[in-house]
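Okay, so here's the structure we're looking at.
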Amino acid sequence: MSGVLRKAAITGHPVSHSRSPLIHGYWLKKHGLEGEYGRLDVPPEDAERFYGNFRDAGLIGANVTVPFKEIAAKACDWLDEAASAMGAANTLWLDENGRLCGANTDGLGFLGNLDQLAPNWDENSGTAVVLGAGGAARAIVWALISRNYTTVHIVNRTREKAEKISDEFGAGTVAHDWDNLGTTLAVADVLVNTTSLGMTGKPPLEIDLSNLPAHTLVNDIVYSPLETDLLKLAAARGNPTVDGIGMLLHQAVPAFERWFGERPVVTDELRTLALKDLGVIA
Ligand code: NAP
C-alpha cells in the first residue's frame with residue numbers, strides 16, 4: 001500500500017448527517033497520518049451491487065449506516081463475532097488477500113464509553129435492564145452478554161421486538177413489556193436507555209426510579225440533550241451516570257485502528273468538537 005493514499009468513507013443513504021468524517025478527520029490530523037475519510041452516498045437500488053463489488057470502490061474500508069448494515073454483512077467473506085451474531089456490519093475492510101471483512105462495533109462503542117467513564121463498571125456483572133429493542137438495543141444486549149451479564153432484561157413498548165432479540169441471544173435474556181419495568185428496575189445493576197424517548201424533539205421518557213438500587217449505573221445512549229432527564233433523575237438520587245456521546249465516538253476507534261494502523265483516543269477535545277458539530281452545545 002505504500003505510496004497509495006489510504007481512503008475510507010461512510011457509506012449508506014443518506015450519509016450527509018454522519019459525524020464519522022469529523023471523528024476520523026480529527027484522528028488523522030492528530031496522528032499526522034496521510035489518509036482520507038469521506039462520504040459516499042449509495043442509492044438503495046445500487047446497495048447490493050456496491051457492497052458485493054466493494055473492491056472496485058477504491059477504498060481500503062468503510063463504515064456502513066442504516067439501512068445497509070445487513071446487506072453489507074451478507075457481502076462479506078468474513079465477519080467478526082458481533083457482526084455475525086447481529087447479521088449486520090457497520091465497519092468493512094479488505095484484508096491482505098482482498099477478502100471483504102466486516103465487524104459490528106456499535107456494542108464495542110457502548111463498552112468503550114462505560115470503560116472510559118465508569119472504570120470497573122462490569123466488575124460484578126450481574127443483571128442489566130435495557131430499555132428499547134431497536135438496532136442499538138441489539139448491539140448493547142450483545143455487548144452486555146460479552147461482559148458476562150448473567151441476566152439482561154429487555155423492556156420495550158412493542159414486546160414482540162424484545163422477544164425477537166431475546167430469541168436471538170437465548171438464555172439469560174428476558175423480554176418484557178413496559179408494565180414490568182418497575183419489577184426489573186429493582187434488580188438492575190446497570191440500566192441503559194436505548195429508546196429514542198428523551199431525545200430533543202421526541203416524547204419524554206417517563207420513568208419512576210424509586211425501585212432502582214443506589215449502586216445501579218445509569219447510561220442513556222441518547223446524547224441530544226447530553227444530560228437527559230433520565231440522567232438528571234438518576235444523578236439526583238445518587239446513582240452513577242454516563243452520557244451517550246462517548247458511544248458514538250468509541251464505535252469509531254476499532255475502525256480507525258484497522259484502516260490507518262494506530263489506535264486513537266477519545267479525548268475531551270473530540271467530545272466537545274462532536275457535541276458542537278451536532279448542535280448539542282454552543
Ligand atoms: P430504532 O431501531 O428505531 O429503535 C427505537 C426504539 O425506541 C424502539 O425500542 C422503540 O420502541 C422505542 N420507541 C420509540 N418511540 C417510542 C415511544 N413513543 N414510546 C416507547 N418507545 C418508543 O432506533 P435505534 O437505532 O435503536 O436508536 C435508538 C436511540 O438511540 C436513538 O435516539 C438514537 O439516536 C440513539 N443511538 C445512539 C447511539 C450512540 O452512539 N450514542 C448509537 C445508536 C443509537 P418500539 O419497538 O415499540 O417501536
Side-chain angles (χ1 to χ4, degrees), residues 10 12 14 17-20 22-24 63-70 82 86-91 104-118 129-144 152-168 173 175-181 184 191-208 218-231 241-255 266 270-271 273-275 277-281:
I10 174 73
H17 65 288
S18 172
R19 264 60 194 193
S20 293
L22 177 138
I23 299 168
H24 291 288
N63 283 123
V64 185
T65 62
V66 173
F68 297 152
K69 294 182 183 183
E70 287 80 11
M86 286 176 246
N90 73 342
T91 302
N104 194 313
T105 66
D106 290 332
L108 295 178
F110 164 78
L111 295 175
N113 188 33
L114 295 192
D115 287 345
Q116 186 176 39
L117 298 182
V129 174
V130 175
L131 308 179
R138 176 174 275 107
I140 288 170
V141 170
W142 173 85
L144 289 162
V152 181
H153 295 288
I154 308 160
V155 184
N156 195 42
R157 173 179 62 176
T158 313
R159 188 193 165 113
E160 294 73 28
K161 286 202 204 160
E163 276 166 1
K164 192 161 182 288
I165 297 183
S166 176
D167 288 348
E168 280 169 34
T173 57
H176 302 269
D177 49 40
W178 217 253
D179 294 345
N180 271 8
L181 182 57
T184 61
L191 168 65
V192 189
N193 175 43
T194 79
T195 72
S196 43
L197 297 174
M199 190 176 162
T200 307
K202 301 280 182 188
L205 172 59
E206 282 162 8
I207 189 167
D208 175 3
V218 180
N219 172 223
D220 200 333
I221 72 162
V222 167
Y223 50 73
S224 178
L226 188 60
E227 199 190 10
T228 60
D229 287 346
L230 170 65
L231 294 182
T241 61
V242 173
D243 66 55
I245 189 67
M247 175 174 168
L248 179 74
L249 305 174
H250 278 278
Q251 61 78 30
V253 167
V266 173
L270 178 58
R271 283 170 63 90
L273 259 181
L275 288 168
D277 196 58
L278 286 157
V280 177
I281 58 172

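Each ligand, and each atom within it, is numbered from 1 in the order the structure gives. FYI, the numbering just counts along the sequence from 1.
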Donor-acceptor pair, side chain of R19 and main chain of H17, under 3.5 angstrom | yes
Using modelled atom types only, decide if a donor and an acceptor are shared between the side chain of Q116 and the backbone of N113 within a distance under 3.5 Å.
->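 No; judged by distance alone, with no hydrogens or angles, the pair does not exist.
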Is the shortest distance from atom 33 (C) of ligand 1 to a protein heavy atom below 4.0 Å?
->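 False for atom 33 (C) of ligand 1.
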Scan the protein's non-hydrogen atoms and note whether one is under 4.0 Å from atom 2 (O) of ligand 1.
->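 Within 4.0 Å: yes, protein heavy atom nearby.
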Compare V192, T158, V222 and give the one whose heavy atom is closest to atom 45 (P) of ligand 1.
->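 Going through V192, T158, V222 one by one, T158 has the nearest heavy atom to atom 45 (P) of ligand 1.
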Nearest heavy atom to atom 25 (O) of ligand 1 wins, so pick from G244, S224, P203, A136.
->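 Of the listed residues, A136 has the closest heavy atom.
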With a cut-off of 4.0 Å, which atoms of ligand 1 are near a heavy atom of [X]?
{"X": "G135", "value": "2 (O), 26 (O)"}
{"X": "T194", "value": "28 (C), 29 (C), 30 (O)"}
{"X": "K161", "value": "45 (P), 46 (O), 48 (O)"}
{"X": "Y223", "value": "39 (C), 41 (N)"}
{"X": "M199", "value": "32 (O)"}
{"X": "G132", "value": "9 (O)"}

Less than 3.5 Å between some nitrogen or oxygen of A133 and one of ligand 1, yes or no?
-> yes
Identify the protein heavy atom lying closest to [atom], giving its residue, its atom name and the separation to 0.1 Å.
{"atom": "atom 9 (O) of ligand 1", "value": "N156 OD1, 2.7 Å"}
{"atom": "atom 40 (O) of ligand 1", "value": "L248 N, 3.1 Å"}
{"atom": "atom 48 (O) of ligand 1", "value": "R157 NH2, 2.9 Å"}
{"atom": "atom 4 (O) of ligand 1", "value": "G134 CA, 3.5 Å"}
{"atom": "atom 6 (C) of ligand 1", "value": "T195 CA, 3.9 Å"}
{"atom": "atom 35 (C) of ligand 1", "value": "I221 CD1, 3.9 Å"}
{"atom": "atom 5 (C) of ligand 1", "value": "S196 OG, 4.5 Å"}
{"atom": "atom 42 (C) of ligand 1", "value": "M247 CE, 3.8 Å"}

From E206 CD over to L197 CG, what is the distance, rounded to the nearest 0.5 angstrom?
-> 9.0 Å
Can you tell which of T173, V192, T194 makes a side chain to side chain contact (heavy atoms under 4.5 Å, CB included) with V141?
->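 That would be T173.
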Does the side chain of D243 come within less than 4.5 Å of R271's, by heavy atoms?
->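 Yes, their side chains come closer than 4.5 Å.
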Can a salt bridge be assigned to the pair E160 and K164 using a cut-off of 4.0 Å between side-chain N and carboxylate O?
->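 A salt bridge is absent here (no side-chain N lies under 4.0 Å from a carboxylate O).
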For I10 and S18, work out which heavy atoms get closest and say how close.
->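 Taking I10 first and S18 second, the nearest heavy atoms are CG1-OG, 3.7 Å.
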Closest non-hydrogen atom pair, A162 against N156 = CB-CB, 4.0 Å
Evaluation steps, side chain to side chain contact (heavy atoms under 4.5 Å, CB included), between D106 and W142 | CA-CA 10 Å; D106 290 332; W142 173 85; over 6 Å; no
Is G109 in contact with ligand 1, taking contact as a heavy-atom separation below 4.0 Å?
->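 Judged by the 4.0 Å heavy-atom criterion, G109 does not count as contacting ligand 1.
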I would like to know whether L131 and I207 meet side chain to side chain contact (heavy atoms under 4.5 Å, CB included); could you show each step before the answer?
-> CA-CA 11 Å; L131 308 179; I207 189 167; 3.9 Å; yes
Side chain to side chain contact (heavy atoms under 4.5 Å, CB included) assessment of I245 paired with L278 | CA-CA 10 Å; I245 189 67; L278 286 157; 3.7 Å; yes
Apply side chain to side chain contact (heavy atoms under 4.5 Å, CB included) to R138 and E168, showing your working.
-> CA-CA 9 Å; R138 176 174 275 107; E168 280 169 34; 2.8 Å; yes
